[in-house]
Amino acid sequence: MKLLKSLNESQLAAVEYNSGPHIIVAGAGSGKTRVLTIKIAYLLENGFDPSTILALTFTNKAAKEMKERVIKLIGKKAEKIWMGTFHSIFARILRAESTRLNYQPNFSIYDKEDSVALVSTVINEMNISIDSTANNVHHRISNLKNQMISPLEFSKNMAETIIDKRIASIYLEYNKRLFENNAMDFDDLLLKPIELFTNHARVLQKYRKMFKYILVDEYQDTNRAQYEILKLLTAPRTKICVVGDDAQSIYGWRGAEIRNMLEFEKDFPKAKIFRLEQNYRSTKNILSAADSVIKKNTEQIAKTLWTENNDGEKLAIIKCADEKDEAFQIAKQIKKEISSKKLSLSDIAIFYRINSQSRALEDGLRKNKIPYKIIGGVEFYRRKEVKDIVAYLRILSNQNDEESLLRIMNFPQRGIGNTSISKMIAFSRKLELSLFTTMSRVFEVIEVKERIQKNVKQFKLLLDKYIDLKDKLSLMELTSALVDELGVLRMYKEENTPESKTRYENVQELLSGIQEFSKNNPKATIEDFLADVSLISGVDQFDETNNSVTLMTVHSSKGLEFPVVFVTGCEEDIFPLNPKFDSDSQTEEERRLFYVALTRAEKKIFITYARSRYRFGEVAYQNRSRFIEEIDPSFYDELNGGIGRKSGRRKKVYYDEFYQESFDDFDQEKRSLRVGSRVTHELFGMGKILQITGSGDTQRVTIAFEEHGNKQLLVKFANLQLI
DNA sequence: GAGAGGGCTCTAGCG
DNA sequence: GAGCCCTCTC
Ligand SMILES: Nc1ncnc2c1ncn2[C@@H]1O[C@H](COP(=O)(O)OP(=O)(O)OP(=O)(O)O)[C@@H](O)[C@H]1O
């Protein structure tokens, strides 16, 4: 069979096995994803009905790619496979079955920002004092949800401290509000199916009958709820095949449990284990280097990984002066790689631990005229201007969605301020009405001024008009009419600032996104579009055909591969990020993350670290990462970047070994600002110091800038350069 | 109620 | 540095 020709023996065995539950445990680049893809194609070729296959991947993009490959191998019938992320597949099922959970099928999906906003609303309205941000409280709640601990269970059995008791009541109210808003958060998308299947035996039967073969990629990063869903859906006759590498489990902080991987044999009796040991991706040097690091972890399944690929180049570890130098060294190496090898820019990826590192890297690439693309970061659909328009669509679809309603009540400004909104909310709570309904009765809310009542009425009429149009116009017609009537594009244009220009472009891009979506789904409704939008992830937007370098976090790089990889910021406190606070198992997860970064590379790895780095508005000095020390030195060479030389315009001497001296040196620099010194400032240009007041963090300078007049600035933030 | 400006806090990774 | 909130002025 032609399909199976591209497989080695152990891969083949895994593909052909069909008798019961099985798990493929294998290291990086050993073809796990390929096996899964071909296995599905093989099933279809053998007459398996595609609509009975459920294949779960980690990102939408991975699902899309896998589907495309299967279609290529076997033809169009593969389109019927249920393929997607846990979140998207079960959101779909929840929509179909929503009424059983007393939800309406058009429920909104709240992303993290929406959820945090709701937590914040709840804290404020309940008037609970809690020494913690809404963000942290939401994180706690999300953790509880991930562990499948209900508000009731938490408050009854676990919440002992006063703070925990308060969190318990916030959690309870938060869930209640979600329900009243006809909304689910990300965690609900995994919890509600369990509720559905547990409480409605016939629904469970239906889906058990429907899915005869379940396949799961990246099984090492599934959490408790996902595991429970799989257990529920797997009837004695259901075939289940999961694939994973425990050494690549990097989402523990989101509730992922490696135990799912380690205990598969217990959970699914008579499970068969397959192992793949040949790596096809990387050179011997890369593989050995990665192996020398991951060996330091104690908790893992022993695995062998070998390759027939040649030794390749050694890794290059580059010492840089600071983050600007780091970006510069990377740009330099990129140019070198491109000109010396037959590589295109899209063969190169730059990874970082945290998104804020991308800024300096971007600057460096831009200055060197190297085109790049950032994956993730502040994602398109999470931007304010985009979310504002999406909130309108949500309200048109789901009038109970109070968070969205609040978001747009006074956007664009229509003279409905916070005071009036609070009054209406109070009214709606008292009469147990939704805020939307309250709006139609705003004339009864006597505390709201007459002029503003009229504004509310006006706004309500606008929404009513579009709710009515919703079923008469196509998605695209409706959205563009709405955007036009709101006048947001005009508004951004008139503002005419760099930010408003970006906003303008983003709204335009949203419109073309909707157009594109309508083209692919001709009968698409608002609901279809919304269902998609909330679940789009960062990597989903990755387009490898672009001729540009790819920048992304190590987390997003999972499952991908690139000929050349830069792993940046390899310093203590960046990568690993929190070594001082991490438990052993958290450090091990951090090490796995480093392992994931290294094993993305096919031919060449550059590891960079900087002696100093601006963070939180000040310079921090740190040692290079322990993970570098863990790599066997026979697999790398060391290079020096801008160390010892003066880097850029910043006047500072870099010491190789003596951090203390470096600190002194830095303080010296601050002190040496004197009345009369000439300095430059990034925004205001050249100037002369007129006055200095205070010291330390609150030290201020008054400067006469040549082009911007006199300004008073905090030294700490001004980043002044002495001339 | 809007808008400007100042002060304060937070600061990881993500579907 | 960014984002949020508060305060002050119009
Ligand atoms: N039998 C094979 N012959 C040739 N190339 C192969 C074979 N199996 C896999 N490959 C190639 O090896 C690379 C890695 O495969 P794949 O992405 O499926 O690995 P993986 O185990 O899922 O990796 P990871 O866990 O690191 O994401 C791919 O480029 C794939 O095409």
Side-chain angles (χ1 to χ4, degrees), chain A residues 56-63 84-91 109-113 115-117 120 124 131-136 139 142 145-146 184-190 218 221-223 225-226 250-256 351-360 375-379 381-382 384 410 412-421 448-449 451-452 455 495 499 532-540 552-558 569 573-578 581-582 586 589-590 592-593 596-597 614-618 620 682-683 697-698 712 714 716-719:
Chain A
L56 298 162
T57 57
F58 198 74
T59 62
N60 293 301
K61 183 172 186 294
T85 60
F86 270 92
H87 289 87
S88 68
I89 294 283
F90 289 98
I109 297 173
Y110 282 2
D111 64 18
K112 190 182 159 208
E113 192 196 329
S115 308
V116 172
S120 174
N124 289 333
D131 193 25
S132 175
T133 59
N135 210 347
N136 289 337
H139 196 79
S142 176
K145 284 193 168 190
N146 279 326
M184 297 197 194
D185 64 14
F186 280 146
D187 303 317
D188 285 340
L189 295 179
L190 305 176
E218 311 277 13
D221 276 322
T222 50
N223 65 20
Q226 288 166 324
I250 54 175
Y251 283 91
W253 51 273
R254 210 171 84 184
F351 299 156
Y352 37 83
R353 178 64 181 81
I354 46 181
N355 281 310
S356 59
Q357 285 173 258
S358 74
R359 211 192 183 93
I375 308 305
V378 179
E379 292 156 32
Y381 283 101
R382 312 274 187 269
K384 183 190 177 306
N410 200 27
Q413 276 159 12
R414 50 172 70 87
I416 311 175
N418 284 333
T419 326
S420 308
I421 293 176
V448 174
K449 287 198 196 118
R451 181 169 53 93
I452 292 156
N455 293 343
E495 246 177 76
E499 297 90 70
D532 242 50
V533 159
S534 345
L535 297 173
I536 289 176
S537 76
V539 221
D540 295 340
M552 62 172 94
T553 62
V554 185
H555 279 95
S556 323
S557 78
K558 156 158 145 159
D573 292 343
I574 296 278
F575 200 176
L577 186 61
N578 282 323
F581 304 101
D582 280 350
Q586 283 170 320
E589 177 155 316
E590 202 77 11
R592 292 194 293 270
L593 190 60
V596 167
Y614 267 104
R615 238 189 130 191
F616 310 147
E618 54 187 29
E682 202 160 329
L683 226 78
D697 278 356
T698 56
Q712 199 183 57
L714 266 177
K716 183 179 169 200
F717 291 118
N719 191 15

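Residue numbering restarts at 1 for every chain, and letters A, B, ... go by the order of the sequence lines.
Not counting sequence neighbours, the partners of K384(A) by the salt bridge (charged side-chain N to carboxylate O under 4.0 Å, His left out) test are D388(A). Considering only residues two or more places apart in sequence or on other chains, D573(A) meets the salt bridge (charged side-chain N to carboxylate O under 4.0 Å, His left out) condition with K580(A). With sequence neighbours excluded, no residue satisfies side chain to side chain donor-acceptor pair (under 3.5 Å) with N578(A). For Q413(A), the side chain to side chain donor-acceptor pair (under 3.5 Å) test picks out no residue, with sequence neighbours left out. Taking the side chain to side chain donor-acceptor pair (under 3.5 Å) definition, one finds that R359(A) meets it with nothing, sequence neighbours left out. Remark: N124(A) pairs with S120(A) by the side-chain contact (heavy atoms from CB on, under 4.5 Å) rule, at least two apart or across chains. By the ring-ring contact (aromatic ring centres under 6.0 Å, His included) test, F58(A) is found to be paired with Y251(A), residues two or more places apart in sequence or in another chain being considered. Not counting sequence neighbours, the partners of D185(A) by the salt bridge (charged side-chain N to carboxylate O under 4.0 Å, His left out) test are K145(A).
Across all strands, D187(A) comes closer than 4.0 Å to base atoms (heavy-atom distances). Within the 4.0 angstrom heavy-atom criterion, only backbone atoms of the sugar-phosphate kind lie near S420(A); the bases stay farther away. Heavy atoms of L593(A) sit nowhere under 4.0 angstrom from any nucleic acid atom. No engagement by R451(A) is indicated, since no non-hydrogen atom pair under 4.0 Å with the nucleic acid exists. Residue contacts for K449(A): at a heavy-atom cut-off of 4.0 Å it reaches no nucleic acid atom on any strand shown.
A donor and an acceptor atom, one from each side chain of T133(A) and N136(A), are located under 3.5 Å apart.
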Next on the checklist: For a side-chain contact (heavy atoms from CB on, under 4.5 Å) check, start with the C-alpha distance between E218(A) and T57(A), then their side-chain angles and the critical distance, and finish with the verdict.
Outcome noted: CA-CA 7 Å; E218(A) 311 277 13; T57(A) 57; over 6 Å; no
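With pairs defined as Watson-Crick or G-U wobble and both atom distances under 3.5 Å, the stems of at least three pairs that touch DNA chain B come out as B:1-10 with C:1-10.
Between the CD atom of E113(A) and the C1' atom of dC14(B) there is a distance of 14 Å, rounded to whole Å. In this entry the distance linking CD of Q226(A) with C1' of dC14(B) reads 12 Å, nearest Å. For the pair N418(A) CG and dG1(B) P, the computed distance is 8 Å after rounding to whole Å. Here dG1(B) presents its P atom at 9 Å from CD1 of I421(A), a figure rounded to the nearest Å. Rounded to whole angstrom, the span from the NZ atom of K112(A) across to the P atom of dG15(B) amounts to 12 Å. We find that NZ of K558(A) is positioned 11 Å from P of dG15(B), with the value rounded to whole Å.
Between the side chain of Q226(A) and the backbone N or O of L190(A), no donor-acceptor pair lies under 3.5 Å. Under the 3.5 Å distance criterion, the side-chain polar atoms of H555(A) are matched with a main-chain donor or acceptor of I250(A). A donor-acceptor pair under 3.5 Å is absent between the side-chain atoms of N355(A) and the main chain of T553(A), judged by distance alone.
Nearest heavy atoms, T85(A) versus N60(A): CG2-N, 3.4 Å. Of all heavy-atom pairs between S420(A) and I452(A), the closest is OG-CG2, 3.5 Å.
Comparing dG13(B) with dC4(C), their C1' atoms are spaced 23 Å from each other, to the whole Å.
Distance from the side chain of F186(A) is smallest for dG15(B) among the nucleotides dA2(B), dG15(B), dG1(C). In the set dA2(B), dG1(B), dG15(B), dG15(B) carries the atom at the smallest distance from any side-chain atom of H87(A).
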Close N or O pairs between protein and nucleotides 3-6 of chain B (under 3.5 Å):
from, atom 1, to, atom 2, distance (Å)
dG3(B), OP1, Q413(A), OE1, 3.2
dG3(B), OP2, Q413(A), OE1, 2.5
dG3(B), OP2, Q413(A), NE2, 2.3

Protein-nucleic acid N or O pairs under 3.5 Å, nucleotides 11-13 of chain B:
from, atom 1, to, atom 2, distance (Å)
dA12(B), N3, R353(A), NH2, 3.0
dG13(B), OP1, N355(A), N, 2.9
dG13(B), OP1, N355(A), ND2, 2.6
dG13(B), O4', R353(A), NH1, 3.4
dG13(B), N3, W253(A), NE1, 3.2

Can you tabulate the close N/O pairs, meaning under 3.5 Å, that link protein atoms to atoms of nucleotides 5-10 of chain C?
none

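The residue among T419(A) and N146(A) whose nearest nucleotide of DNA chain B lies closer to the 5′ end is T419(A). In terms of position along DNA chain B, the nucleotide closest to N410(A) lies nearer the 5' end than the nucleotide closest to the other residue of the pair F58(A) and N410(A).
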